[in-house]
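Because the structure is predicted, anything quoted here is derived from the model rather than measured.
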Amino acid sequence: MKTTRDARAGTAADAAPDRRRLAALINPLSFRMSLRDRAERTEARIAEAGGRAYRVTDLPAIEAALADAIEGGVDTLVLAGGDGTLQGAVSYLARHLPAEQLPELLVLSAGRTNYVAADLGTRAHFLATLDRLLDDGREAARLERRTLVVRHPSIDTQHGFFLAGAMLDQVIRNVHRWRNARPGWRRNHHLASAFGVLRQLPALLTGREPFTARHLRLDAEALGTLDAPMRFLLMTTLGLDDSHARPYAERGDGDLRVTAISAAAQRWRRRMATIVRGRFSDDMSPATGYLSGHCRRLTIEGIDSIVLDGQEFDLDPAYPLRVEPGPSLGFLRP
């Protein structure tokens, strides 16, 4: 998200009856929301339902909008943006409200990837999804999802759902820079991010520049430890049960899923197709460069950067990063 501060409540909503204590954060710069007049149409639908709509384009705007929404009271919060908008909103809500006061969330897929919306089943046709909620909200399914809590002195406490580190962090940051530096379809097409990843695959698979395997030490308690230069690091609290790509072993205990692969992991290139589907054999263990499965908490030493739901965070590697499951949030699926 850009760093332009733009949080404002819709004036039409102020005059409408607030029957449902409904509010919406709308990021007009997110990919799908920026096309045609979708931001204006979304604002209008929220106002018609008696809710308050806030335009947000950066983290300060998200936090200012949520502070105002919480003060006025909110039971249902619509998040119309990308994964970064969701991450900023969820972090603020989890820090400022007790679990029993958290609003129910409707995540509209207005960005490019929207992994959480895909997991929840609200990724397609976001305006139609919003209409179904507003027209017949009582019939909406209510799903529970736990957040991923990330703690580090450099970033305090953050909440999200997907964390990438090691070379995956470098890939995502390179895609962000590449996409933003180029006009036309490479920036504005929905396949721009996928194309940006594909163009980096040869260097990623061979370990060439600009990718560097930095030395990390991971302690996943009963799941094991891995102390080595690291190639891949990713984790989530989502189940991904309906996804073909779920690169986590079904071993261990806990709500946190993690996969880490060292730079020297045995036969990792040959095994990538099975890793993506979560098929880990018994010999794929920390002793051979693999750490994957479920755990209750994870400590990472030596890490200097992560990407959490598409948001980039730089860390002081002198301090450990601590990750564990956070509170459960309620999501609506009309």
Side-chain angles (χ1 to χ4, degrees), residues 13 16-27 30 32-33 42 45-54 56 62 65-66 69-70 72-111 113-149 159-162 236-243 246 254-257 294 309 324-334:
D18 190 7
R19 298 181 301 274
R20 324 174 82 150
R21 300 214 309 175
L22 171 71
L25 303 190
I26 300 171
N27 185 348
S30 57
R32 290 180 178 87
M33 189 62 73
T42 303
R45 283 295 284 125
I46 295 296
E48 288 171 7
R52 292 156 288 157
Y54 303 85
V56 298
I62 289 172
L66 287 174
I70 290 171
V74 56
D75 299 316
T76 302
L77 178 65
V78 175
L79 298 174
D83 289 322
T85 303
L86 173 64
Q87 190 276 320
V90 166
S91 286
Y92 185 90
L93 291 172
R95 289 196 303 263
H96 290 83
L97 289 176
E100 64 274 11
Q101 294 181 20
L102 290 170
E104 291 183 314
L105 305 178
L106 175 66
V107 179
L108 300 181
S109 180
T113 51
N114 296 108
Y115 293 117
V116 177
D119 179 72
L120 295 167
T122 59
R123 187 171 186 174
H125 309 297
F126 73 83
L127 285 173
T129 300
L130 176 62
D131 285 340
R132 288 198 302 274
L133 171 75
L134 297 179
D135 293 340
D136 199 8
R138 292 182 180 180
E139 299 300 321
R142 284 160 173 80
L143 310 176
E144 294 272 324
R145 293 293 186 271
R146 296 196 71 173
T147 66
L148 191 73
V149 182
H159 292 251
F161 296 93
F162 281 95
T236 186
T237 45
L238 298 181
L240 308 175
D241 294 328
D242 297 326
S243 173
R246 43 185 177 195
D255 292 327
L256 176 59
R257 291 184 173 193
H294 297 250
D309 292 351
E324 60 186 309
S328 292
L329 300 176
F331 291 87
L332 299 175
R333 184 175 64 195

Fill in: Shortest non-hydrogen contact from Gly326 toward Val149
CA-CG2, 3.2 Å
Fill in: Phe161 versus Thr236, closest heavy-atom pair with distance
O-OG1, 2.6 Å
Fill in: From CG (Leu105) to CZ (Arg142), nearest 0.5 Å
12.0 Å
Worksheet item: What is the distance from atom CZ of Arg52 to atom CG of Leu25, rounded to the nearest 0.5 Å?
Response: 10.5 Å
Worksheet entry | Any residue meeting side chain to side chain contact (heavy atoms under 4.5 Å, CB included) with Leu130, in chain and number order, not counting sequence neighbours | Thr42, Arg45, Ile46, Val78, Leu106, Leu108, Leu134
Worksheet item: Does Thr237 have any side-chain hydrogen bond (donor to acceptor under 3.5 Å, both in side chains) partners at least two apart in sequence or in another chain, and if so, which?
Response: none
How about [X] and [Y]: do any of their side-chain heavy atoms sit closer than 4.5 Å?
X	Y	value
Leu329	Leu93	no
Tyr54	Ile26	no
Leu148	Pro325	no
Leu79	Leu77	yes
Leu332	Thr76	yes

Worksheet item: Do any N or O atoms from the side chain of Ser328 and from the backbone of Arg145 form a donor-acceptor pair under 3.5 angstrom?
Response: no
Worksheet item: Do side-chain atoms of Asp309 reach the backbone of Phe162 as a donor and acceptor pair under 3.5 angstrom?
Response: yes
Do any side-chain atoms of residues 95-102 form donor-acceptor pairs under 3.5 angstrom with protein atoms, and if so which ones, sequence neighbours left out?
residue: Arg95; atom: NH1; partner: Thr157; partner atom: O; Å: 3.1
residue: Arg95; atom: NH2; partner: Glu63; partner atom: OE2; Å: 3.2
residue: His96; atom: ND1; partner: Tyr92; partner atom: O; Å: 2.9

Worksheet item: So Ile62 and Thr85, side chain to side chain contact (heavy atoms under 4.5 Å, CB included) or not? Walk me through it.
Response: CA-CA 8 Å; Ile62 289 172; Thr85 303; 4.3 Å; yes
Fill in: Worked verdict on Arg146 versus Leu238 for side chain to side chain contact (heavy atoms under 4.5 Å, CB included)
CA-CA 7 Å; Arg146 296 196 71 173; Leu238 298 181; over 6 Å; no
Item to complete: Determine whether the side chains of Ser91 and His159 contain a donor N or O and an acceptor N or O closer than 3.5 Å.
Response: no
